[in-house]
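What follows is a single structure, written as structure tokens, with notes after it.
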Protein chains: 2
Amino acid sequence: MTATIADVAARSGVSTATVSRILSGSAPARPETRDRVIAAARELGYQPSGVARALKRRETRTLGLVVTDVTNPFYPQVVRAAEVAAHERGYGLILANGEDDPARELAHLDLLVERRVDGIVVASSAMTRHHAARLREIAVPVVLVNDPITGSGLPAITADHRLGTRLATSHLVALGHRRIGHIGAPDAHVASSQRRRGVVDGMRGIGTPVMVQGDGGVAGGAAAAAELLRAGVTGIVAYNDLTAIGALRGLGEAGARVPEDVSLIGFDDIPMAAWTDPPLTTVRQDTAALGRWAVERVLRALAGDREADRVLLVPELVIRGSTGPRS
Amino acid sequence: MTATIADVAARSGVSTATVSRILSGSAPARPETRDRVIAAARELGYQPSGVARALKRRETRTLGLVVTDVTNPFYPQVVRAAEVAAHERGYGLILANGEDDPARELAHLDLLVERRVDGIVVASSAMTRHHAARLREIAVPVVLVNDPITGSGLPAITADHRLGTRLATSHLVALGHRRIGHIGAPDAHVASSQRRRGVVDGMRGIGTPVMVQGDGGVAGGAAAAAELLRAGVTGIVAYNDLTAIGALRGLGEAGARVPEDVSLIGFDDIPMAAWTDPPLTTVRQDTAALGRWAVERVLRALAGDREADRVLLVPELVIRGSTGPRS
DNA sequence: TTGAAAGCGCTAACAT
DNA sequence: ATGTTAGCGCTTTCAA
């Protein structure tokens with residue numbers, strides 16, 4: 001078995017209390033004993049048990065991160081930023097993957113609570129939508145990422161989706177486009193209604209956008225783009241980059257060139273967006289900031305700040321090759 | 001504070017032992033007491049402390065997963081499969097993101113050991129390369145994913161990289177290509193030498209491949225492809241899909257059409273590969289199997305199986321639109 | 001500066 | 001079928 005503090009104490013001829021103090025530096029000690037203890041600890045390869053410490057201190061120094069689906073290219077950046085931020089402060093991160101299944105997410109939540117994580121970051125719309133009440137009664141701090149529910153009573157950070165698609169639409173309008181379409185996502189997606197509204201905002205005084213529905217992924221984007229083409233649009237704002245990449249294909253197969261015949265804008269700025277052909281004009285949201293802020297907010301909550309503040313991140317239009325003047 | 005087992009015991013007028021037995025179903029109880037205890041537990045919103053249980057049982061039911069970089073599109077699938085497999089068996093997963101930094105990974109390892117995870121899955125070449133010794137002395141089971149080190153003495157699962165690029169190369173040869181190039185990755189990458197060798201294997205008796213170096217990512221692929229074009233190749237085997245996607249761009253910018261002028265093959269079959277233009281012919285490795293097997297292997301080790309077995313996954317050539325007959 | 005001892009919340013003998 | 005008790009490995013009073 002692994003060495004315990006008692007082993008170290010025995011080996012160095014002091015009490016466990018002294019070992020604890022010396023190893024944690026929580027109290028001064030005579031240099032001589034210090035050295036003996038440290039030597040003994042090293043010789044035994046002693047590593048304090050986080051479990052025992054957690055029981056005593058009543059904190060695990062571990063956070064939970066609930067994510068809808070790591071496989072969606074939007075999330076890894078959030079996860080990474082969260083992990084880095086947590087690790088910087090000495091916290092571990094338990095990852096809970098929702099698989100887009102609300103029941104499963106609830107089970108995960110129980111798992112996290114039972115594991116006594118010190119706080120939870122939820123980056124899952126399904127979660128906040130179906131289990132808002134449950135989230136609010138959790139004993140530890142919960143922070144939401146990309147939460148559409150304004151009245152959740154929990155701290156949250158979100159990109160301004162509506163502003164984002166408005167920016168995108170205005171860009172299209174500025175390029176001379178007048179018939180503009182939007183490929184939306186199912187309502188299950190966090191931001192679908194906000195992003196839809198932004199397109200309407202952007203066309204105010206100009207006309208009404210043609211609304212079609214995708215599936216939030218590549219396949220849906222391809223089908224929807226063909227539909228928009230038949231409707232005669234010259235500009236498309238897609239729900240996200242995945243949808244836009246699908247649209248790129250759908251357009252290509254229908255014989256339309258981008259951007260000569262149709263201009264196309266995505267959302268998120270996933271890494272791939274810069275590498276499509278043509279490179280995708282898109283609305284960037286700072287995913288790293290999302291993850292980092294959420295973790296830091298949890299930590300602040302742990303330090304006593306129990307406010308339910310919400311931060312709205314300003315998205316940025318990244319103009320690349322998929323948009324151009326109406327021909 | 002959260003309710004403890006003592007609270008439940010007091011409220012239902014039994015001992016903590018009885019509560020423990022009933023809630024865990026580890027021993028029969030009179031239906032009447034059963035009901036009282038369960039009711040009390042529910043009323044108090046009691047959730048057993050995993051920390052206390054872990055201390056007593058000497059198992060945390062938590063696994064560690066060390067990953068080089070979640071942001072690399074190859075990993076999320078592994079992570080997801082691992083998480084799902086773990087969760088199915090009631091295990092949680094602590095994610096440790098290496099950020100491609102060996103020192104950082106070592107720190108992560110300590111964190112995991114201190115947290116007393118029951119086992120560790122390492123999906124990081126940097127890790128196995130620099131810290132093989134440290135890994136071997138860890139008290140809990142360690143399983144390697146995509147490990148290049150045959151002599152590590154630890155169970156491991158890896159795709160047969162060499163076979164994969166051989167398959168790819170043979171496909172090119174079968175299509176009539178004779179001048180074939182390979183865009184390799186820096187040696188820091190797990191599989192670079194294996195994949196390089198596979199290309200040589202595939203050209204045995206035909207010639208020698210032109211070897212150039214990428215960076216394992218999109219940018220490097222673009223530059224390297226241009227180089228290969230100048231060398232007059234008509235077929236390219238890329239280290240991975242990211243590299244191939246870069247090559248696609250590099251080729252396009254240099255005025256070469258794929259597959260009419262140059263055939264191109266990737267590796268991994270990341271989700272994006274199906275959606276490039278043209279869709280990428282690639283070598284698929286079953287990333288989900290990698291993650292799932294690793295977790296299951298750790299669990300088996302926990303059940304007593306301490307063998308250092310290695311499994312080699314057979315990759316599969318997925319023929320899409322980026323390869324065609326030499327024109 | 002150091003030690004003795006209690007206790008964090010649970011489970012598992014061992015009793016009854 | 002249920003209760004008593006010890007103890008998992010730490011930290012932290014309280015004493016000395």
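We name chains A, B, ... by the order of the sequence lines, and we start the count at 1 in each one.
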> So what does A:Val14 hit on the nucleic acid, given a heavy-atom distance under 4.0 Å: a base, only sugar-phosphate, or nothing?
Replying inline: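 Sugar-phosphate contact only - A:Val14 comes under 4.0 Å of backbone atoms but never of a base.
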
>> What contact category does B:Ala29 fall into here, base, sugar-phosphate, or nothing, at under 4.0 angstrom with non-hydrogen atoms?
In response: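 The residue B:Ala29 makes sugar-phosphate contact but no base contact.
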
Using atom [atom1] of [X] as one end and atom [atom2] of [N] as the other, report the distance to the nearest whole Å.
{"X": "A:Ile22", "N": "C:dG3", "atom1": "CD1", "atom2": "C1'", "value": "13 Å"}
{"X": "A:Tyr46", "N": "D:dT11", "atom1": "OH", "atom2": "C1'", "value": "10 Å"}
{"X": "A:Leu23", "N": "D:dT12", "atom1": "CG", "atom2": "P", "value": "14 Å"}
{"X": "A:Arg58", "N": "D:dT12", "atom1": "CZ", "atom2": "C1'", "value": "13 Å"}
{"X": "A:Ile5", "N": "D:dG7", "atom1": "CD1", "atom2": "P", "value": "18 Å"}
{"X": "A:Asp7", "N": "D:dC8", "atom1": "CG", "atom2": "P", "value": "11 Å"}
{"X": "A:Glu59", "N": "D:dT11", "atom1": "CD", "atom2": "P", "value": "11 Å"}
{"X": "B:Asp35", "N": "D:dA1", "atom1": "CG", "atom2": "P", "value": "14 Å"}

Short side-chain N/O contact to [N] OP1/OP2 from [X], under 4.0 Å:
{"X": "A:Arg53", "N": "D:dT11", "value": "yes"}
{"X": "B:Thr18", "N": "D:dT2", "value": "no"}
{"X": "A:Arg30", "N": "C:dT1", "value": "no"}
{"X": "B:Thr33", "N": "D:dT2", "value": "yes"}
{"X": "B:Ser15", "N": "D:dT2", "value": "no"}

> Taking for each residue the nucleotide of DNA chain D bearing the nearest heavy atom, is the 5' side occupied by B:Gly13 or by A:Leu55?
Replying inline: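 By nearest-heavy-atom nucleotide position, the 5'-most residue is B:Gly13.
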
> Considering heavy-atom distances to DNA chain D, does A:Arg57 or B:Arg57 have its closest nucleotide positioned more toward the 5' end?
Replying inline: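 Counting from the 5' end, the first nearest nucleotide belongs to B:Arg57.
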
>> Is it the case that over 12 heavy atoms from other parts of the model lie below 6.0 angstrom from the CZ atom of B:Arg300?
In response: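 Yes.
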
Indicate whether the side chain of [X] and that of [Y] have a donor and an acceptor atom separated by less than 3.5 Å.
{"X": "A:Arg115", "Y": "B:Thr62", "result": "yes"}
{"X": "A:Glu105", "Y": "A:Ser124", "result": "yes"}
{"X": "A:Asp100", "Y": "A:Thr68", "result": "no"}

Nearest-neighbour nucleotide for the [X] side chain, [options] considered:
{"X": "B:Thr4", "options": "C:dG9, D:dT4, D:dG9", "value": "C:dG9"}
{"X": "B:Ser49", "options": "C:dC8, C:dC10, D:dC8", "value": "C:dC10"}
{"X": "A:Arg21", "options": "C:dT1, D:dT12, D:dG9", "value": "D:dT12"}
{"X": "A:Ala52", "options": "C:dC10, D:dG9, D:dT12", "value": "D:dG9"}
{"X": "B:Lys56", "options": "C:dT2, C:dT11, D:dG9", "value": "C:dT11"}

> Restricting to pairs with a member in residues 84-120 of chain B, which pass ring pair (Phe, Tyr, Trp, His ring centres under 6.0 Å), not counting sequence neighbours?
Replying inline: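 Found A:His87-B:His108, A:His108-B:His87.
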
> Where each residue is assigned the nucleotide of DNA chain C containing its nearest heavy atom, which of A:Arg116 and A:Pro28 is assigned the position nearer the 5′ end?
Replying inline: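 Looking at DNA chain C, the more 5' nearest nucleotide goes with A:Pro28.
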
> In terms of side-chain geometry, is the basic nitrogen of B:Arg134 or B:Asp110 positioned less than 4.0 Å from the acidic oxygen of its partner?
Replying inline: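 Yes.
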
